[in-house]
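Have a look at the structure below before the remarks.
Counting starts at 1 for both ligands and their atoms, in listed order. Note: hydrogens, waters and symmetry copies are ignored here, and every other heavy atom, side chains too, is used.
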Amino acid sequence: MWERVGKGSLIFMAAIILVSLFSGFAVATEATKFGEYSADDFAYESRCRQCHAIIYGEWEGTMHFNAYLDPFYLEEVKVASADTDGLVDEFCSRCHTPIGVVSGEIPPLDGSGMSDISKLGVQCDFCHVVSGSNGTGNAPFTVTPGDTKWGPFDDSKSAYHDSEYLELYTQSEYCGMCHEVIHPVNGLVIDDTYPTWKDSQYAEDNVECQDCHMTEGITEFKANPGRAGSGAPKRDHISSHDIVGGNVFIPVMFGAGNVADMAIERLQNSATLEVTTPETVATGEEVNIQAAITNSGAGHNIPTGVSEIRQIWLEVMVTDNEGKEIYSAGTLDSEGNIESAKIIYNNVLGDSDGNATDSFWLADRVLEDNRIGPKETVTEEHTFILPEDIVYPLNVETSLNYRSAPQYTIDHLFGEEMHEVPVISMNEVSSTIYDPSTPPEERTDSTPGFSIFAASMAFVLIMHMFYRK
Ligand code: HEC
Ligand code: HEC
Ligand code: HEC
Ligand code: HEC
Ligand code: HEC
């Protein structure tokens with residue numbers, strides 16, 4: 001091999017080595033192996049909390065905090081393990097309990113060999129002993145537990161630990177170690193959060209995961225001035241550790257209402273909804289409702305992550321002036337399952353026989369991908385014939401909904417009526433359709449909000465005229 005390498009390639013290789021030594025790019029390091037350390041090599045989060053109380057409080061109750069004890073994960077991983085004769089045990093655990101894996105405590109999967117620290121999910125003294133990575137996807141992290149804590153500052157001093165700067169912490173590639181899941185046998189990309197970000201305009205504009213998920217902004221960087229620890233200097237920006245996505249289900253189950261509220265706020269900032277309805281329709285004629293949904297705020301698809309389990313859909317409800325239902329789509333039936341939605345915005349994975357499956361460890365293909373890409377707009381149309389026996393005007397209510405999983409998936413795993421998966425409205429629009437014989441000046445919106453607004457505007461106008469006299 002060697003003699004075939006020409007002089008040109010040698011210079012090229014030398015250049016690459018020089019560039020990687022002197023540029024800010026993280027040099028690839030070898031991924032830490034199963035059982036390379038013991039759980040005693042890692043510090044409990046209670047130690048970090050002594051000086052980093054604010055950061056601790058932000059992290060507590062988030063999905064990183066829950067990554068191992070999440071009951072949905074624990075149930076699914078049992079099924080995955082049974083389906084694969086235990087082949088996935090170490091694989092799944094690598095992101096959900098990284099200390100459990102690098103300390104060799106998992107497998108067995110039942111937790112019987114685990115120390116308390118391994119059960120603390122994705123935690124302080126795991127994330128801050130990451131000293132390098134071998135790219136992204138399937139958790140290729142190198143960890144060096146001990147006295148040094150790696151982070152985003154190049155001038156940081158602490159009495160308890162040494163500090164080391166690593167640019168990786170400020171880059172999406174850090175998150176991309178775990179937020180990209182590739183099927184270990186057939187190479188199917190199951191969680192493509194990092195790759196979709198990488199292909200988006202956000203990556204082009206250097207808007208990193210941390211800018212939206214670790215600052216005061218939800219859709220862009222917004223500084224959070226403060227101190228990173230007791231006795232630390234005041235800085236222009238300290239990253240927030242309340243890293244949330246759309247998961248409301250698990251935080252509510254664990255009583256972390258503050259985390260659930262942040263997830264709801266995030267969901268309500270991720271998409272816009274524009275609905276076009278005709279102003280008038282005569283009975284017996286067709287009503288056509290058009291909805292345009294734009295992923296305006298997320299730096300990746302909505303939904304993303306385990307998006308074959310997540311559900312986003314449009315709920316449409318048309319009633320007449322007496323509240324009689326005329327048309328509906330995307331409402332929940334008595335079992336909590338979605339009825340007649342036009343589209344469910346997620347993706348459908350298929351197994352080797354081409355059958356749809358939610359069990360991504362069995363998947364080897366994508367059957368359908370209806371997720372909404374970053375900045376992408378999709379439209380859906382609802383049409384029906386307006387029946388004769390209705391009372392005008394009609395009220396059209398639309399809501400873009402999100403939930404973490406179908407109700408039947410949760411019922412199947414935990415039993416009927418054990419856990420209700422909360423449905424979050426990401427955006428709502430209402431409009432009115434009138435009788436064509438109503439004169440245009442009488443077509444005032446009948447929704448109470450608008451009437452109150454109109455009434456108070458009239459009052460202001462009257463008062464204004466009164467004072468001018
Ligand atoms: C998922 C991994 C992750 C977890 C868990 C995590 N951190 Fe961080 N932390 C980061 C990243 C990434 C940054 C840098 C973000 C940036 O600057 O863009 C950071 C920054 C910091 C900083 C520097 C100051 C700041 O806020 O910018 C401190 C101190 C810190 N973390 C302490 C902690 C403590 C204490 C815990 C546990 C309560 C913790 N971290 C949990 C990833 C993590
Ligand atoms: C005795 C108090 C104390 C304890 C205990 C402590 N830290 Fe710190 N830590 C500090 C101070 C002070 C800073 C400096 C912050 C600054 O520079 O703004 C700091 C900085 C950091 C940084 C930033 C490093 C950098 O270069 O970006 C990280 C990460 C960090 N600590 C993680 C941890 C973790 C993880 C634990 C628990 C294992 C921990 N700390 C325990 C006081 C402490
Ligand atoms: C060691 C692996 C690991 C790293 C590194 C990591 N995460 Fe995570 N993250 C996870 C796991 C595992 C979960 C999900 C736990 C669950 O749902 O049971 C998660 C959950 C999340 C969620 C919540 C998702 C939801 O549905 O609400 C967000 C948001 C998130 N991570 C963002 C980030 C960002 C941003 C970074 C980089 C600063 C990062 N993560 C780094 C493993 C990691
Ligand atoms: C431009 C801002 C922005 C950027 C950049 C961004 N996110 Fe998000 N992220 C959001 C918003 C808004 C949501 C809520 C919508 C949702 O849940 O899909 C979200 C949701 C999530 C979720 C929950 C997914 C779901 O659908 O349930 C995860 C996980 C996540 N982000 C991880 C990441 C990671 C990892 C990166 C970097 C590779 C990243 N995000 C970059 C704004 C951003
Ligand atoms: C490379 C890292 C990684 C591996 C490997 C991994 N996961 Fe995850 N898992 C994640 C991340 C990141 C999330 C959060 C994504 C989101 O919320 O959108 C997650 C979320 C989940 C969830 C959703 C939890 C919830 O509360 O909504 C389940 C269930 C799950 N994983 C099961 C598994 C199983 C089973 C395996 C093995 C077959 C596995 N994971 C392997 C990173 C990983």
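An N or O contact shorter than 3.5 Å links His179 to ligand 3 by distance. Taking only nitrogen or oxygen atoms, main chain and side chain alike, His213 does not reach within less than 3.5 Å of ligand 3. In terms of polar-atom proximity, defined here as any N/O pair under 3.5 Å, Tyr174 makes no such contact with ligand 3. Between Gly246 and ligand 3, a contact under 3.5 Å exists for at least one N or O pair. Ligand 5 has an N or O atom lying under 3.5 Å from an N or O atom of Asp70, backbone or side chain. Taking any N or O of Ser404, backbone or side chain, none lies under 3.5 Å from an N or O belonging to ligand 5. Between Gln210 and ligand 3, no N or O atom pair is found at a separation short of 3.5 Å.
Lys149 and Asp125 are joined by a salt bridge, as a carboxylate oxygen and a charged side-chain nitrogen come within less than 4.0 angstrom of each other. One finds no salt bridge joining Arg94 and Asp89 here, because no Lys/Arg side-chain nitrogen approaches an Asp/Glu carboxylate oxygen to under 4.0 Å. Salt-bridge formation is detected for the pair Asp155/Arg235: a Lys NZ or Arg NE/NH1/NH2 atom is positioned less than 4.0 Å from an Asp or Glu carboxylate oxygen.
Atoms of ligand 2 found under 4.0 Å from any heavy atom of Asp125, numbered from 1 in the order shown, are 38 (C). Against a heavy-atom cut-off of under 4.0 Å, Ser163 is close to the following atoms of ligand 2: 24 (C), 26 (O). For ligand 2, the atoms sitting less than 4.0 Å from at least one non-hydrogen atom of Ala232 are 15 (C), 16 (C), 18 (O), numbered in the order shown with element in parentheses. Residue-ligand proximity, Trp150 to ligand 2, at heavy-atom distances under 4.0 Å covers atoms 29 (C). Interface atoms of ligand 2 facing Glu164, defined by a heavy-atom separation under 4.0 Å, are 26 (O). The distance from ligand 3 to the heavy atoms of Phe126 drops below 4.0 Å at these ligand atoms: 1 (C). Of all atoms in ligand 3, numbered sequentially from 1 with element shown, those under 4.0 Å from a heavy atom of Asn247 are 25 (C), 26 (O), 27 (O). Using a 4.0 Å cut-off to heavy atoms of Pro152, the atoms of ligand 2 that qualify are 27 (O). Listed by number with element, the atoms of ligand 2 under 4.0 angstrom from any heavy atom of Cys48 are 34 (C), 35 (C), 36 (C), 37 (C), 38 (C), 39 (C), 41 (C). Distances below 4.0 Å separate heavy atoms of Cys95 from the following atoms of ligand 3: 12 (C).
What sits closest to atom 32 (C) of ligand 5 on the protein, heavy atoms only, is Tyr73 CD1, 3.5 Å. Closest to atom 17 (O) of ligand 5 among all protein heavy atoms lies Arg310 NH2, 2.8 Å. For atom 42 (C) of ligand 3, the nearest non-hydrogen atom of the protein is Cys178 CB, 3.7 Å. What sits closest to atom 38 (C) of ligand 5 on the protein, heavy atoms only, is Cys92 SG, 2.6 Å. For atom 23 (C) of ligand 5, the nearest protein heavy atom (residue, atom name, distance) is Val306 CG2, 3.8 Å. The nearest protein atom to atom 36 (C) of ligand 3, hydrogens excluded, is given as Cys175 SG, 2.8 Å; this is a heavy-atom distance. For atom 29 (C) of ligand 5, the nearest non-hydrogen atom of the protein is Glu76 CG, 3.5 Å. For atom 15 (C) of ligand 3, the closest heavy atom belonging to the protein is Met63 O, 3.5 Å.
The closest approach between any non-hydrogen atom of Ser156 and ligand 2 is below 4.0 Å. Ligand 2 is never approached by Tyr169 to a heavy-atom distance shorter than 4.0 Å. Distances from ligand 2 to the non-hydrogen atoms of Pro233 include at least one value under 4.0 Å. Heavy-atom separations between Gly231 and ligand 2 are all 4.0 Å or longer.
Heavy atoms of His52 found under 4.0 angstrom from ligand 2 belong exclusively to the side chain. When non-hydrogen atoms are compared, ligand 5 lies under 4.0 Å from neither the backbone nor the side chain of Phe249. Counting heavy atoms closer than 4.0 Å to ligand 2, residue Ser230 contributes backbone atoms (N, CA, C, O) but none from C-beta onward. Contacts of Arg227 with ligand 2, taken as heavy-atom pairs under 4.0 Å, are absent altogether. Contact annotation: for Ala43 versus ligand 2, heavy atoms closer than 4.0 Å belong to the side chain alone.
Figure legend: cation-pi geometry between Arg310 and Tyr345 absent, as NZ or CZ is not positioned both under 6.0 Å from the six-membered ring centre and within 45° of its axis.
Checked against atom 8 (Fe) of ligand 2, the N, O or S atom of His161 at the shortest distance is NE2.
Although no hydrogens or angles enter the test, the distance criterion places no donor-acceptor pair under 3.5 Å between the side chain of Asn337 and the main chain of Asp333.
Aromatic ring pairs are classed by plane angle as parallel below 30°, tilted from 30° to 60° and perpendicular above 60°; the pair His128 and His241 is tilted.
For atom 13 (C) of ligand 5, no protein non-hydrogen atom is found at a distance below 4.0 Å.
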